Number of protein chains: 2
Amino acid sequence: MVERLDTTFHALADRTRRGMLATLAAGEKSIGELAEPHAMTFAGASKHVKVLERAGLVERRRVGRSQLCRLRAAPLHEADQWLRKWERFWNTHLDALEALIEADKGGE
Amino acid sequence: MVERLDTTFHALADRTRRGMLATLAAGEKSIGELAEPHAMTFAGASKHVKVLERAGLVERRRVGRSQLCRLRAAPLHEADQWLRKWERFWNTHLDALEALIEADKGGE
DNA sequence: CACACATTCAACCAGTTGGTTGACAATCCG
DNA sequence: CGGATTGTCAACCAACTGGTTGAATGTGTG
């Protein structure tokens, strides 16, 4: 579960891959279709898809000679849960902390 | 804003850095205090803090010979917004898509 | 069968990461 | 002042990234 967060966040930390996810949100796409808007070779796109797949964000199936990729939202949900947990905590606790620090510092 | 997502997700894609954020949630800490639970040199910890800082997740101030680090939650919020946007979209649109695919595939 | 198509694989490349060490700098303490 | 504390910086390392090429693989088409 910890490694899952690593791979999920890593997969999302790239503009090209986020773009591919956005493309996939419109429906299943082949590797070629995913490559095209990024002006990239098949092989390059294939690597990115593999990263997304390792993170569990994408699934593939063979259709004829194409590989069709589809989204899997589950890991997104995990990452979101993690983020929201911390965000909630920080929003609650940071105000008091901040006041303390400002008082100690004497104005920024 | 796009690069911001890059750096934020990248900062979060490391177990050590997520651990540091968790430590910082308990209050301000020095570099040494952040390094200790990860059995790491000062220099190593310093690098991680720099990554968190570049992502805007951490701020520092000098106090005596220590560097005190504190959390900044704002970038988390941006990342969370992004995640939630997609999650919402996918949850809504994926069901219909999935049904189509299953029908086409003939059972998994 | 031969060929085009969609993709993968292996090799390579420059740049980045996560980590170390060792030298240096700033600050407190006696 | 001298020393200990708390770092930073620069150099280095092995491993990984994002990308390319070119050769192979699997699959539909004539």
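Please read all numbers here as calculations on a predicted model, not as lab measurements. In what follows, every chain begins at residue 1, and chains take the letters A, B, ... in the order their sequences are listed.
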Q. Is B/L21 close to B/V58 at the side-chain level, that is, under 4.5 Å between some pair of heavy atoms?
A. yes

Q) Looking for any heavy atom pair under 4.0 Å, which part of the strands does A/A45 touch: base, sugar-phosphate only, or nothing? A) nothing

Q) Can you tell me how far CG of A/L52 sits from OG1 of A/T16, rounded to the nearest 0.5 angstrom? A) 10.5 Å

Q: Give the rounded distance in Å between these two atoms: CD of A/E33 and P of C/dC5.
A: 16 Å

Q. What's the CZ-C1' distance between A/F42 and D/dA23, to the nearest Å?
A. 16 Å

Q) Given D/dC9, is OP1 or OP2 found less than 4.0 Å from the side-chain N or O atoms of B/K50? A) yes

(Q) Without decimals, in angstroms, what is the distance between A/Q67 CD and C/dA6 P? (A) 13 Å

Q | Side-chain touch A/R18/A/R15, heavy atoms, less than 4.5 angstrom | A | yes

Q: Check the distance between D/dT6's C1' and B/L34's CG and give it to me in whole angstrom.
A: 13 Å

Q | Phosphate-side-chain proximity, A/H10 and C/dT17, N/O vs OP1/OP2 below 4.0 Å | A | no

Q) Once you round it to whole Å, what is the distance between C1' of D/dT6 and NZ of B/K29? A) 17 Å

Q) Any idea which heavy atoms bring A/P37 and A/E33 closest together, and the distance? A) CD-O, 3.1 Å

**Q.** Residue whose closest nucleotide on DNA chain D lies nearer the 5' end, B/R62 versus A/R54
**A.** B/R62

Q: Using only side-chain N and O atoms of A/R17, determine if any of them is under 4.0 Å from OP1 or OP2 of D/dG18.
A: yes

Q. Under 4.0 angstrom, heavy atoms only, what part of the nucleic acid is A/R15 near: base, sugar-phosphate, or nothing?
A. nothing

Q: Side-chain contact test, heavy atoms from C-beta onward, threshold under 4.5 Å: evaluate it for A/D80 versus B/D80 and give yes or no.
A: yes

Q: Give a yes/no answer on whether the side chain of B/S46 brings an N or O atom under 4.0 Å of OP1 or OP2 in D/dG7.
A: no

Q | Global bending angle along the helix from C/dC1-D/dG30 to C/dG30-D/dC1, which compares the axes of five pairs at either end, to 10 degrees | A | 10°

Q | A/E36, CD atom: more than 12 neighbouring heavy atoms under 6.0 Å | A | no

**Q.** Validation row: A/V51, A/R54 side chains within 4.5 angstrom (heavy atoms)
**A.** yes

Q: Tell me whether the OP1 or OP2 atom of D/dT8 has a side-chain N or O from B/R60 closer than 4.0 Å.
A: yes

Q. Between D/dT5 atom P and B/E36 atom CD, what is the distance in whole Å?
A. 15 Å

Q) Looking at C/dT7, does its base get a donor-acceptor pair with the side chain of A/R65 below 3.5 Å? A) no

Q | Between D/dT20 (C1') and A/H48 (NE2): distance, integer Å | A | 12 Å

(Q) Using whole Å, what does the distance between atom C1' of nucleotide D/dC16 and atom NZ of A/K47 come to? (A) 10 Å

Q) Counting just side-chain N and O atoms, does A/S30 come under 4.0 Å of either OP1 or OP2 of C/dA6? A) no

**Q.** Sole candidate of A/R70, A/R61, A/R60 that passes side chain to side chain donor-acceptor pair (under 3.5 Å) when paired with A/E28
**A.** A/R61

(Q) Need one value for A/G44: base, sugar-phosphate or nothing, where a base atom within 4.0 Å counts as base even if backbone is also close, heavy atoms only. (A) base

Q: Just call it for A/S66: base, sugar-phosphate, or nothing, with non-hydrogen atoms closer than 4.0 Å on any strand.
A: sugar-phosphate

